[in-house]
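In listed order, ligands and their atoms are each counted from 1.
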Amino acid sequence: MEPSNLNKEQDQNSWALNAWTLLSKLRDQSPLIQCITNFVSMDLMANTLLSAGASPAMIHSIEEIQDFTPLIHALCINVGTLSPAWLPAMREAALVANKAGKPWILDPVAAGASCFRLKACLELVGLKPSVIRGNGSEIIALSKASLGATKGVDSSHESMDAMEAAKSLAQSSGAIVAVSGAVDIITDGHRVVGAHNGVSMLQKVTATGCAVTALIAAFVAVDPLHALEATASALSIFGIAGEMGMDMAKGPASLRMHLIDSLYNLDQASVSSRLKVSSL
Ligand SMILES: Nc1ncnc2c1ncn2[C@@H]1O[C@H](COP(=O)(O)OP(=O)(O)OP(=O)(O)O)[C@@H](O)[C@H]1O
Ligand SMILES: Cc1ncsc1CCO
Ligand SMILES: [Mg+2]
């Protein structure tokens, strides 16, 4: 084998081993993940976290945050069905998580769809999330701080179109930025890696993006000091579960079911043989 191919294979093996180690840790430790999320995603997000081994809590009332948020292991904030009444709790939870030293992850759903949403997302970015995960259009809108081409919550961009936007947002915010798509891009503003697992049918199951953001929160909860690696691992594991689910599915509805079953049953052999991460 060429030396460069040998290096790539070693890289691949070490990414796969790391992803498996983090999933095993997650299953052992069962981190408590607080989710302040949209009404559409609540069920799939909670079931994704449970099947991966984490413990989800969809607790979003501002009255509960001072008591509850210091006890969590990570927080996921998703603005999907945002209204003004939800924003104070999102702010408060981010501040309490920061104070308690708990990582929090932002999903800026449809950030470029309205001024209200964009302003709210930019304010939340200013509250220092560890990771921001969006689709191409969302990351471009946030990075440029401008309303932009987005088909509501769906992307009108390929993830690769958002590479420079992701780097620039990572540099300006200090967060790890992940862009989902055919290739998921993960960057700290300097290093960029691509996670290649997944199937396009995932776009036909609503809230799979929201669910993978929560899974990122669970992976970061078990390895907070390596948020880039944890994020790439979560996206890879979710993508592999999607591929294995698709082998059994007949369409979006059965993919949803088989995705969750595959995540629950995922073993080391499947992670080692399927995981594909590369430097971009
Ligand atoms: N073309 C594709 N091929 C393979 N996997 C894909 C493709 N597009 C998206 N995915 C995967 O689907 C999942 C959801 O990503 P997507 O970009 O659709 O998120 P999203 O737009 O935020 O979704 P939602 O708002 O419905 O939660 C991710 O795991 C991503 O890797
Ligand atoms: C469809 C939809 N609308 C607001 S949030 C959401 C879930 C996918 O982002
Ligand atoms: Mg989304």
Side-chain angles (χ1 to χ4, degrees), residues 19 35-49 52 58 60 76-83 86 105-114 116-117 120-121 124 131-142 148-162 165-166 177-186 193-219 231-247 249 252 255-256 258-260 262-263 266 274-277:
C35 305
I36 304 183
T37 192
N38 68 75
F39 300 115
V40 185
S41 70
M42 285 180 183
D43 180 280
L44 183 64
M45 186 179 284
N47 277 306
T48 298
L49 287 169
M58 287 26 208
H60 63 249
C76 174
I77 297 182
N78 175 307
V79 300
T81 48
L82 192 63
S83 65
W86 281 63
I105 318 302
L106 175 65
D107 192 324
V109 181
S114 73
F116 167 64
R117 202 171 267 268
C121 288
L124 291 168
V131 182
I132 303 167
R133 194 294 312 169
N135 63 38
S137 295
E138 290 159 353
I139 296 303
I140 290 169
L142 263 190
T150 184
K151 201 173 173 191
V153 302
D154 290 334
S155 190
S156 48
H157 295 88
E158 299 294 326
S159 53
M160 287 297 185
D161 300 339
V177 174
V179 190
S180 54
V183 179
D184 302 316
I185 298 171
I186 306 98
V193 299
H196 299 257
N197 294 107
V199 289
S200 63
M201 182 75 85
L202 285 169
Q203 295 168 96
K204 296 290 180 198
V205 181
T206 191
T208 49
C210 309
V212 80
T213 303
L215 190 63
I216 292 169
F219 272 70
T231 301
S233 296
L235 285 157
S236 300
I237 293 289
F238 191 81
I240 292 171
E243 290 170 9
M244 295 176 75
M246 198 63 219
D247 289 342
L255 174 58
R256 188 182 194 278
H258 289 302
L259 166 75
I260 292 171
S262 300
L263 185 55
L266 202 53
R274 288 180 180 261
L275 184 135
K276 191 160 179 256
V277 170

**Student:** Establish, from distance only, whether the side-chain atoms of T81 and N38 form a donor-acceptor pair under 3.5 Å.
**Tutor:** no

**Student:** Specify the protein heavy atom at minimum distance from atom 25 (O) of ligand 1: its residue, its atom name, and the distance to 0.1 Å.
**Tutor:**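 Checked against all protein heavy atoms, atom 25 (O) of ligand 1 sits closest to V153 O, 3.9 Å.
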
**Student:** To check your reading of the model: name the closest protein heavy atom to atom 18 (O) of ligand 1, its residue, and the distance in Å.
**Tutor:** Q203 CG, 3.7 Å

**Student:** Looking at atom 21 (O) of ligand 1, what's its closest protein heavy atom, distance included?
**Tutor:**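 In this structure, atom 21 (O) of ligand 1 has N135 ND2, 2.9 Å as its nearest protein heavy atom.
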
**Student:** Considering only the protein, which heavy-atom contact is closest to atom 6 (C) of ligand 1, and what is its distance?
**Tutor:**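 Among all protein heavy atoms, the one nearest atom 6 (C) of ligand 1 is G181 O, 3.4 Å.
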
**Student:** Heavy-atom count check: over 12 atoms from other residues, nucleotides or ligands less than 6.0 Å from E243 CD?
**Tutor:**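 Result for CD/E243: enclosed.
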
**Student:** Quick one: does T208 get a heavy atom under 4.0 Å from ligand 1?
**Tutor:** yes

**Student:** Identify the heavy atoms of L215 and A234 that sit nearest to each other, and give their distance.
**Tutor:** CD2-O, 3.6 Å

**Student:** Does any N or O in the side chain of S180 come within less than 3.5 Å of the main-chain N or O of G209, such that one atom is a donor and the other an acceptor?
**Tutor:** no

**Student:** For R117 and P108, indicate whether the former's side chain and the latter's backbone hold a donor-acceptor pair under 3.5 Å.
**Tutor:** no

**Student:** Please determine, by modelled atom types, if D154 and Q203 share a side-chain donor-acceptor pair under 3.5 angstrom.
**Tutor:**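 Per modelled atom types, D154 and Q203 side chains form no pair under 3.5 Å.
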
**Student:** Taking only heavy atoms of F238 into account, list the atoms of ligand 1 that are under 4.0 Å away from them.
**Tutor:**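 Matching atoms, with element in brackets: 29 (O).
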
**Student:** So which protein heavy atom does atom 30 (C) of ligand 1 come closest to, and at what separation?
**Tutor:** D184 OD1, 3.5 Å

**Student:** Considering non-hydrogen atoms of the protein only, which is the closest contact for atom 2 (C) of ligand 1, and what is the distance?
**Tutor:** A182 CA, 3.4 Å

**Student:** Which heavy atom of C121 sits nearest to which heavy atom of A111, and what is that distance?
**Tutor:**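 In this case the closest contact between C121 and A111 is SG-CB, 4.1 Å.
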
**Student:** So if I count the atoms of ligand 1 from 1 in the order they appear, which ones are less than 4.0 Å from some heavy atom of R133?
**Tutor:**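 Result: 19 (O), 20 (P), 22 (O).
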
**Student:** List every atom of ligand 2 that sits less than 4.0 Å from any heavy atom of N38, numbering the atoms from 1 in the order shown and giving each element.
**Tutor:** 5 (S), 7 (C)

**Student:** Please give me the minimum heavy-atom distance between L202 and T208, naming the atom from each residue.
**Tutor:**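 Looking at all heavy atoms of both residues, the shortest contact is O-OG1, 2.9 Å.
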
**Student:** Atoms of ligand 1 less than 4.0 Å from G198 heavy atoms?
**Tutor:**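 Reading through ligand 1 atom by atom, the close ones are 4 (C), 5 (N).
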
**Student:** Closest non-hydrogen protein atom to atom 26 (O) of ligand 1, residue and atom name please, with distance?
**Tutor:**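 Result: A207 N, 3.0 Å.
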
**Student:** Is V199 touching ligand 1 with its side chain, its backbone, both, or neither, if touching means heavy atoms under 4.0 Å apart?
**Tutor:** backbone

**Student:** Please could you name the atoms of ligand 2 that T206 approaches to less than 4.0 Å, counting only its heavy atoms?
**Tutor:**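 Once the distances to T206 are compared, the set is 1 (C), 7 (C), 8 (C).
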
**Student:** How far is atom 17 (O) of ligand 1 from the closest protein heavy atom, and which atom is that?
**Tutor:**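 Of the protein heavy atoms, S180 OG, 2.7 Å lies nearest.
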
**Student:** Nearest heavy-atom pair of S236 and V277: which atoms, and what distance?
**Tutor:**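 The answer is OG-CG2, 3.5 Å.
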
**Student:** Any chance you could lay out the side-chain contact (heavy atoms from CB on, under 4.5 Å) test for N78 and R133, step after step, and finish with the verdict?
**Tutor:** CA-CA 10 Å; N78 175 307; R133 194 294 312 169; 5.9 Å; no

**Student:** Which of the atoms of ligand 1 are close to L202, meaning less than 4.0 Å from one of its heavy atoms?
**Tutor:** 11 (C), 12 (O)

**Student:** Is a side-chain N or O of N135 found less than 3.5 angstrom from the main chain of V153, in a donor-acceptor match?
**Tutor:** yes

**Student:** Touching ligand 1 at all, S155? Heavy atoms, strictly under 4.0 Å?
**Tutor:**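 False for this residue.
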
